[in-house]
Colleague: 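Got a structure here, written out as structure tokens. Questions coming.
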Amino acid sequence: MDESFSFDAKKAGAWRFVPAVSFAVMMLVGVDVSVTSLREVSSADWKEMAPWQRIVQGESTSRFTSQLNSHFVWSTPFSKIQRAVDWNIARDTGSAVTAGCTGWFFLTEELTTFDGGSQNANARAYMVEQVAKQLQQRGVKLVMAVIPDKTRIEQEHLCGVHRPAAFAARAENWMTALRTNQVEVIDLQAPLAATKGERYYRTDSHWNELGADAAAVSVAKRLQDLQYADKTDLQPAPGAIKTATAERLGDLFHVSNLEGLPSALRPAVEQVASSTVAPVVNKSDDLFGDGGLPSVVLVGTSFSLRGNFVPFMSQHLGMPVANLAKDGGDFDGAAMTYLQSKAFQQEPPKVVIWEVPERMLQKPFKDTERKWLEILKKGQL
């Protein structure tokens, strides 16, 4: 039996033109998309590709391809489709984010061990000790507040995510080193661990309002116990806090590149408490300098800009707290900037609260930290 294929054009009829027409349409669409994309390339970029030397050497071809890829009009929808497939099939969140139980994301950095981590932590402890000595000479009290990792507090939501056993005593060892050198440290693990419910946002690296308020109460109480602030009942003023429920996309949504996906193809958006906290009006001139800067200043990281941590603290203290924390400030950013500023030199506060997340203790040093370390070794801020 002859099984060879035989094409009969008459029997195929109009269908015989489908392959050719399909190919032509694909080519025309490709040309149209390419031309539309290349219209976005600037004249300056076109001029850089024009010299014949670059054309001969192939450099212009490489640049042309790069520009086409950069301005490709379908790149965004294509990337979203790929991201949706990666998440829904493999639960891929990218290298910076680790997925725990359903709906829970964690920052991979909290689970990362660093070469020389212990030495880095010791060096940062030394930096804090030197800052405390310098501030004491100026009559300023330093209080450190160490924020535990989300993976430490929300362990029940890890669902198999491995947290290195070596991290069990990471924060405690660092705080012990500071206390040995008479630096006041507030361990925020205890109040957070004692608080029932979720204390960190599910898809964010920071604490939520429940966790932030528990930490704020702990800091306020410690300041009062140290007589750095007047005694109060730690209760907010009546009507000072108004809370509603709102949807919130956490920063780990953004880091994992899931925020642009349709709701059906991404994790559920969190419904969280979102409060408006009234500022505390100062009632004592003694708490302020000539320029009106509160006697308590907080420096730190994005944790102090999330969950209403500082507004809650101010309400519990019954006095203003100047929030000079920085997004992306890392260990040193906000503290170094403030302590080297004219504002600090001219109107130093009575108390500086320096908030530090646990995950930053062992990270490799940045150039700015190395420079500040050398300055501190010379007995300067």
Side-chain angles (χ1 to χ4, degrees), residues 98 100 106-133 141-158 161-196 198-200 205-207 210-223 225-226 228 298-304 307 309 313 325 329-332 335 351-365 369 373:
T98 299
F106 297 90
L107 200 61
T108 303
E109 189 177 67
E110 289 188 5
L111 308 168
T112 303
T113 57
F114 299 102
D115 291 338
S118 296
Q119 291 85 346
N120 294 336
N122 292 338
R124 289 189 172 99
Y126 171 82
M127 293 173 71
V128 172
E129 293 158 14
Q130 296 307 305
V131 168
K133 290 178 182 178
K141 307 295 185 181
L142 176 66
V143 177
M144 299 298 297
V146 179
I147 302 174
D149 288 341
K150 178 180 177 180
T151 52
R152 180 187 293 278
I153 298 299
E154 301 290 358
Q155 290 189 37
E156 63 184 294
H157 302 295
L158 289 176
V161 172
H162 174 67
R163 179 176 164 88
F167 290 173
R170 176 169 62 178
E172 181 60 36
N173 290 343
W174 197 74
M175 290 185 289
T176 298
L178 294 183
R179 293 185 181 117
T180 301
N181 287 278
Q182 288 71 54
V183 177
E184 182 63 37
V185 189
I186 301 174
D187 179 8
L188 295 178
Q189 178 181 345
L192 286 169
T195 301
K196 295 182 180 180
E198 297 172 5
R199 292 135 295 182
Y200 286 70
S205 58
H206 303 92
W207 49 28
L210 181 64
D213 188 48
V217 171
S218 180
V219 174
K221 185 177 186 306
R222 186 56 182 160
L223 292 183
D225 291 344
L226 292 168
Y228 293 170
L298 182 141
V299 293
T301 67
S302 51
F303 270 92
S304 293
F309 173 56
M313 186 195 308
D330 288 334
F331 174 82
D332 62 315
V351 181
V352 172
I353 303 170
W354 185 354
E355 163 260 299
V356 178
E358 174 189 347
R359 63 183 171 82
M360 295 183 178
L361 300 179
Q362 295 185 344
K363 288 177 62 176
F365 264 59
E369 283 183 286
L373 174 59

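All of these numbers come straight from a predicted model, not from anything done at the bench.
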Colleague: Indicate yes or no for a side-chain donor-acceptor contact from Arg152 to the backbone of Phe167 under 3.5 Å, with no hydrogens or angles considered.
Modeller: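 At least one qualifying donor-acceptor pair exists.
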
Colleague: Working to the nearest 0.5 Å, report the span between CG of Leu178 and CG of Leu142.
Modeller: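 Rounded to the nearest 0.5 Å, the CG-CG separation comes to 9.0 Å.
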
Colleague: Holding to side chain to side chain contact (heavy atoms under 4.5 Å, CB included), I want the full list of residues that pass it with Asp213, two or more places apart in sequence or in another chain.
Modeller: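 If we apply the side chain to side chain contact (heavy atoms under 4.5 Å, CB included) test to Asp213, skipping adjacent residues, the hits are Val217, Phe312, His316.
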
Colleague: Under the side chain to side chain donor-acceptor pair (under 3.5 Å) test, which residues partner Asp225, sequence neighbours left out?
Modeller: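 Side chain to side chain donor-acceptor pair (under 3.5 Å) list for Asp225, sorted by chain: Lys221, Lys231.
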
Colleague: Applying side chain to side chain donor-acceptor pair (under 3.5 Å), can you list everything that pairs with Ser205, at least two apart in sequence or on another chain?
Modeller: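 Partners of Ser205 under the side chain to side chain donor-acceptor pair (under 3.5 Å) test: Asp251.
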
Colleague: Go through the structure and list residues passing side chain to side chain contact (heavy atoms under 4.5 Å, CB included) with Glu109, not counting sequence neighbours.
Modeller: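 Counting only residues at least two positions away or on another chain, Glu109 forms a side chain to side chain contact (heavy atoms under 4.5 Å, CB included) with Leu107, Phe114, Arg359, Lys363.
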
Colleague: Report the residues that fulfil side chain to side chain contact (heavy atoms under 4.5 Å, CB included) with Gln130, sequence neighbours left out, ordered by chain and then residue number.
Modeller: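 With sequence neighbours excluded, Gln130 shows a side chain to side chain contact (heavy atoms under 4.5 Å, CB included) to Tyr126, Lys133, Leu376, given in chain and number order.
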
Colleague: What orientation do Phe309 and Trp207 show, parallel under 30°, tilted 30 to 60°, or perpendicular over 60°?
Modeller: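 Plane angle between 30° and 60°, so tilted.
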
Colleague: Please report the interatomic distance NZ(Lys141) to OH(Tyr228), rounded to the nearest 0.5 Å.
Modeller: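 Between atom NZ of Lys141 and atom OH of Tyr228 there are 4.5 Å.
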
Colleague: Look up atom CG in Leu223 and atom CD1 in Ile353, then write down how far apart they are to the nearest 0.5 Å.
Modeller: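 One gets 4.5 Å once the value is rounded to the nearest 0.5 Å.
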
Colleague: Tell me the salt bridge (Lys or Arg N to Asp or Glu O under 4.0 Å) pairs involving residues 116-126, sequence neighbours left out?
Modeller: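 Residue pairs with at least one partner in residues 116-126: Arg124-Glu369.
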
Colleague: Any chance you could measure Phe106, atom CZ, to Arg163, atom CZ, to the nearest 0.5 Å?
Modeller: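 Separation between the atoms: 10.5 Å.
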
Colleague: Would you mind reporting whether Asp332 and Phe365 have side-chain heavy atoms less than 4.5 Å apart?
Modeller: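 Phe365 vs Asp332: side chains apart.
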
Colleague: Which pair of non-hydrogen atoms, one from Asp330 and one from Thr301, has the smallest distance, and what is that distance?
Modeller: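 Between these two residues, the closest heavy atoms are O-CG2, 3.4 Å.
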
Colleague: With a 4.5 Å cut-off on side-chain heavy atoms, are Leu188 and Ile186 touching?
Modeller: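 Yes - at least one pair of side-chain heavy atoms lies under 4.5 Å apart.
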
Colleague: Any pair with a residue in residues 164-181 that passes side chain to side chain donor-acceptor pair (under 3.5 Å), sequence neighbours left out, goes on the list, sorted by first then second residue, please.
Modeller: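 Of all non-adjacent pairs touching residues 164-181, those that pass side chain to side chain donor-acceptor pair (under 3.5 Å) are Glu129-Asn181, Asp149-Arg170, Arg170-Glu358, Glu172-Thr176.
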
Colleague: Taking the side chain as every heavy atom from C-beta outward, state whether Val352 and Val131 have any pair of such atoms under 4.5 Å apart.
Modeller: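 A side-chain contact under 4.5 Å is absent here.
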
Colleague: Output all residues satisfying side chain to side chain donor-acceptor pair (under 3.5 Å) with Ser302, sequence neighbours left out; order by chain, then residue number.
Modeller: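 Expected list: His206.
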
Colleague: Among all residues two or more places apart in sequence or in another chain, which pass the side chain to side chain donor-acceptor pair (under 3.5 Å) test with Glu198?
Modeller: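 With neighbours one apart ignored, the set is Arg202.
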
Colleague: Distance check, rounded to the nearest 0.5 Å: Arg199 atom CZ versus Ile153 atom CD1?
Modeller: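 Reported value, rounded in 0.5 Å steps: 6.0 Å.
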
Colleague: Please give me the minimum heavy-atom distance between Val143 and Val351, naming the atom from each residue.
Modeller: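 In this case the closest contact between Val143 and Val351 is CG2-CG1, 4.2 Å.
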
Colleague: Over all heavy atoms of both residues, which pair between Val183 and Ala132 is shortest? Give the atoms and the distance, please.
Modeller: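 For Val183 versus Ala132, the nearest heavy atoms are CG2-CB, 4.0 Å.
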
Colleague: Among residues at least two apart in sequence or on other chains, which ones pass salt bridge (Lys or Arg N to Asp or Glu O under 4.0 Å) with Glu184?
Modeller: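 Partners of Glu184 under the salt bridge (Lys or Arg N to Asp or Glu O under 4.0 Å) test: Arg222.
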
Colleague: Closest approach of Ala212 and Gly307, non-hydrogen atoms and distance?
Modeller: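 Residues Ala212 and Gly307, closest heavy atoms: CB-O, 3.2 Å.
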
Colleague: Could you tell me which non-hydrogen atom of Tyr200 sits nearest to which non-hydrogen atom of Pro148, and how far apart they are?
Modeller: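 In this case the closest contact between Tyr200 and Pro148 is OH-O, 2.6 Å.
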
Colleague: Tell me, please, which residues at least two apart from Ala325 pass side chain to side chain contact (heavy atoms under 4.5 Å, CB included).
Modeller: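 Side chain to side chain contact (heavy atoms under 4.5 Å, CB included) check on Ala325 returns Leu298, Ser304, Leu305, Asn323.
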
Colleague: To the nearest 0.5 angstrom, please state how far the CG atom of Asn122 sits from the CD atom of Gln362.
Modeller: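 Rounded to the nearest 0.5 Å, the CG-CD separation comes out at 9.0 Å.
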
Colleague: Any heavy-atom pair between the side chains of His162 and Leu111 that's under 4.5 Å?
Modeller: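 Of all side-chain heavy-atom pairs linking His162 with Leu111, none is under 4.5 Å.
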
